[in-house]
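One structure below.
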Amino acid sequence: VPAPCRKINSGCILLAPLKDGNNCLDDTGRIAPVSDGCAAMQLQESDMRDGVIVLKHASNGECLDNWSDNDPTTWGFHACHGGDNQRFRRKGEEICNLQSCFGVHPWTPRTSR
């Protein structure tokens, strides 16, 4: 269990594609079955108070990145640089970037490998 997620109500989340609740982003950023394990992530609000959210892997602090390839299914974790491909915003109960939205769900050790 990643250190930031060890406390009750830690705020650790998992991200799931909106059209398929049986999948989530895994530790590499690949969209995979929940049964294979989901990455524990944390939301970090921008210091600029501009509504921007950065999604960080709870184990290593790397940012969720869509590789700038215009493919809404390719994701990974990369050093945080603040580029558009690492910037997200809330849209109701969803977290979205310019081309994709994810459902946000609580992460538990049962949803990890």
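For clarity, every value in this text was computed on a predicted model and none was experimentally measured.
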Legend entry - Heavy-atom pair of closest approach, residues Pro2 and Ala40: CG-CB, 3.9 Å
Inset, instruction - Verify the neighbour count for atom CD of Gln99: are there more than 12 heavy atoms of other residues, nucleotides or ligands below 6.0 Å? - result: yes
Legend entry - Atom of Asn60, atom of Glu62 and distance for their closest heavy-atom approach: OD1-N, 2.9 Å
Inset, instruction - Report the residues that fulfil side chain to side chain contact (heavy atoms under 4.5 Å, CB included) with Val52, sequence neighbours left out, ordered by chain and then residue number. - result: Ser46, Asp50, Arg87, Arg89
Inset, instruction - Kindly compute the distance separating CG (Asp27) from OG (Ser59), expressed to the nearest 0.5 Å. - result: 6.0 Å
Legend entry - Contact summary for Ala58 and Cys12, nearest pair of heavy atoms: CB-SG, 4.3 Å
Legend entry - Nearest heavy atoms of Ala32 and Asp26, plus distance in Å: CB-OD2, 3.9 Å
Inset, instruction - First locate atom CG of Asp36, then atom CG of Asn23, and finally report the distance between them rounded to the nearest 0.5 Å. - result: 9.0 Å
Legend entry - Lys19 NZ to Cys101 SG distance, which is reported to the nearest 0.5 Å: 10.5 Å
Inset, instruction - Please write out which residues are connected to Met41 in a hydrophobic cluster, directly or through intermediates, given that two of Ile, Leu, Val, Met, Phe, Trp, Tyr count as joined at side-chain heavy-atom separations below 4.5 angstrom. - result: Ile13, Leu15, Leu25, Ile31, Leu43, Ile53, Leu55, Leu64, Trp75, Phe77, Phe88, Ile95, Phe102, Val104
Inset, instruction - Work out which heavy atom in Cys38 is nearest to a heavy atom in Trp107; give both atom names and the distance. - result: O-NE1, 3.1 Å
Inset, instruction - Nearest 0.5 Å please: distance from the OG1 atom of Thr73 over to the CZ atom of Arg30. - result: 11.5 Å
Legend entry - Gln42 side chain to Lys56 side chain, donor-acceptor N/O pair below 3.5 angstrom: no
Legend entry - Separation of Gln44 CD from Cys80 SG (nearest 0.5 Å): 7.5 Å
Legend entry - Shortest non-hydrogen contact between Cys24 and Pro33, atoms and distance: SG-O, 4.5 Å
Legend entry - Residues that Glu94 engages under salt bridge (Lys or Arg N to Asp or Glu O under 4.0 Å), provided they are two or more places apart: none
Legend entry - Rounded distance (nearest 0.5 Å) linking atom NE2 of His105 with atom CG of Leu14: 6.0 Å
